[in-house]
Amino acid sequence: AHAQQGDPEDVLRTLDRFAREIRFLMNVGPEKGPLLFELLDQLPRPARVLELGAFCGYSAIMITNRLGAGSHLISVEKNPEAAEASRDNVAFAGLADRVEIIEGSSSDRIPTLLGPFQLVFFDHWKDLYLTDLKLLEAHELLAPGCIIVADNVGPLFGAETYLSYVRGCGRYDSENRPAKVEYSDLPDAVEISIWKGGAE
């Protein structure tokens, strides 16, 4: 009711206003947007992106709009209501032809996917980050140089096991970027890991 249909940026602005003024939304948010754009701009075109955790479709809209025509995003969302809301919001933004929302648990769906992906965005249950990353490796879904973006790995989220793995297993070049929890001043971080492959 408050956004312009077919205008992805206006849809995102409307969701941001709702999150600030009405009720918190666990979106990646506009503060982390420039970091995401920086990484997306490094990808070849067309790009294939995997998102784990759709919620309301915010990041699917943000990522797909930035990548432009020809690129494709698959988003896996366990919650049926969130999956439906994401599809509706993506369609309202005019991006339904470039986004596929798959309902189901990430651990069940990952083995069924066709890769490879140039970027993977982790934004679902934090205790699944490491399990799902290893699944992606095992099923050879990571393109050479794939960028793994793990949101919400700051001190409030208990992501130490995941961080230990990507920094110490020898398969990634990993970098930590300080950030804030979306729509707040609480400390957070994003881990950016570049897939090199190879044995542990």
Side-chain angles (χ1 to χ4, degrees), residues 2-77 82 85-96 98-101 117-126 129 145-157 159 166 174-194:
H2 299 279
Q4 179 64 44
Q5 187 169 3
D7 185 339
E9 292 184 5
D10 193 55
V11 172
L12 295 175
R13 282 193 295 268
T14 303
L15 288 168
D16 288 334
R17 282 199 303 273
F18 182 92
R20 290 193 182 102
E21 299 171 11
I22 309 297
R23 180 171 59 82
F24 175 78
L25 296 174
M26 50 184 179
N27 301 324
V28 66
E31 290 78 12
K32 292 174 183 170
L35 170 57
L36 206 48
F37 292 158
E38 173 191 330
L39 300 172
L40 292 169
D41 289 348
Q42 297 174 25
L43 300 183
R45 300 294 196 273
R48 297 186 76 243
V49 172
L50 174 64
E51 173 186 51
L52 301 178
F55 185 47
C56 67
Y58 183 102
S59 48
I61 294 168
M62 176 180 275
I63 291 168
T64 308
N65 188 49
R66 186 71 173 195
L67 288 175
S71 295
H72 189 71
L73 179 139
I74 294 175
S75 185
V76 179
E77 172 56 55
S86 294
R87 289 190 194 101
D88 289 345
N89 287 332
V90 165
F92 188 84
L95 299 172
R98 291 184 247 161
V99 176
E100 181 182 0
I101 309 290
F117 297 100
Q118 283 78 41
L119 184 142
V120 179
F121 183 48
F122 284 137
D123 198 21
H124 59 326
W125 294 104
K126 313 313 165 194
Y129 279 19
C146 179
I147 302 173
I148 314 294
V149 184
D151 195 15
N152 302 130
V153 295
L156 301 177
F157 295 97
V166 293
S174 211
E175 174 190 2
N176 190 268
R177 297 278 192 97
K180 302 288 187 183
V181 174
E182 44 271 22
Y183 311 112
S184 79
D185 290 322
L186 297 172
D188 197 6
V190 177
E191 189 80 2
I192 303 160
S193 306
I194 309 301

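Not measured: the values here are computed from a predicted model.
Interatomic distance, OG of Ser71 versus CG of Asn65, reported as 11.5 Å (0.5 Å rounding). Rounded to the nearest 0.5 Å, atoms CZ (Arg13) and CG (Asp7) are 6.0 Å apart. For the atom pair Ile147 CD1 and Ser193 OG, the distance stands at 10.5 Å (nearest 0.5 Å). Atom CG of Leu95 and atom CD1 of Ile63 lie 11.5 Å apart (nearest 0.5 Å). To the nearest 0.5 Å, atom CG of residue Leu35 and atom CD1 of residue Ile192 are 4.5 Å apart. Here the CE atom belonging to Met62 is positioned 10.0 Å from the CG atom belonging to Leu15, to the nearest 0.5 angstrom.
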Residues His72, Ile74; criterion side-chain contact (heavy atoms from CB on, under 4.5 Å); working and verdict: CA-CA 7 Å; His72 189 71; Ile74 294 175; 3.9 Å; yes
Report the C-alpha distance between Asp41 and Arg66 in whole Å, list the side-chain angles of each, state the deciding distance to 0.1 Å, and finish with yes or no for side-chain contact (heavy atoms from CB on, under 4.5 Å). CA-CA 8 Å; Asp41 289 348; Arg66 186 71 173 195; 2.8 Å; yes
Report the C-alpha distance between Asp151 and Asp188 in whole Å, list the side-chain angles of each, state the deciding distance to 0.1 Å, and finish with yes or no for side-chain contact (heavy atoms from CB on, under 4.5 Å). CA-CA 9 Å; Asp151 195 15; Asp188 197 6; 4.2 Å; yes
Verdict with reasoning, His124 to Tyr129, per ring pair (Phe, Tyr, Trp, His ring centres under 6.0 Å): CA-CA 8 Å; His124 59 326; Tyr129 279 19; 5.4 Å; yes
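Proximity of a side-chain donor or acceptor of Arg87 to a complementary backbone N or O of Ala96 within less than 3.5 Å is not detected. In terms of modelled atom types and a separation under 3.5 Å, the side chain of Arg98 and the main chain of Leu73 share no donor-acceptor contact. Panel note: side chain Gln5, backbone Phe92; no donor-acceptor pair is recorded below 3.5 Å.
Taking 4.5 Å as the limit, every side-chain heavy atom of Ile148 sits out of range of all side-chain heavy atoms of Val166. Residues Val76 and Leu50 have side chains in contact (heavy-atom distance under 4.5 Å, counting atoms from C-beta outward).
Looking at every heavy atom in both residues, Ser75 comes nearest to Gly53 through OG-C, 4.3 Å. Minimum interatomic distance between Val11 and Ala3 (heavy atoms only, all atoms of both residues): CA-CB, 4.0 Å. When all heavy atoms of Val49 and Phe117 are compared, the pair lying nearest together is C-CD2, 3.7 Å. The two atoms that bring Leu12 and Tyr58 nearest to each other are CD2-O, 3.4 Å, heavy atoms only. Considering all non-hydrogen atoms of both residues, Thr14 and His2 come closest at OG1-O, 3.6 Å. Taking all atoms of both residues into account, the shortest heavy-atom contact from Val90 to Gly57 is CG2-O, 4.3 Å.
Within 6.0 Å of CD in Glu9 there are 12 or fewer heavy atoms belonging to other residues, nucleotides or ligands.
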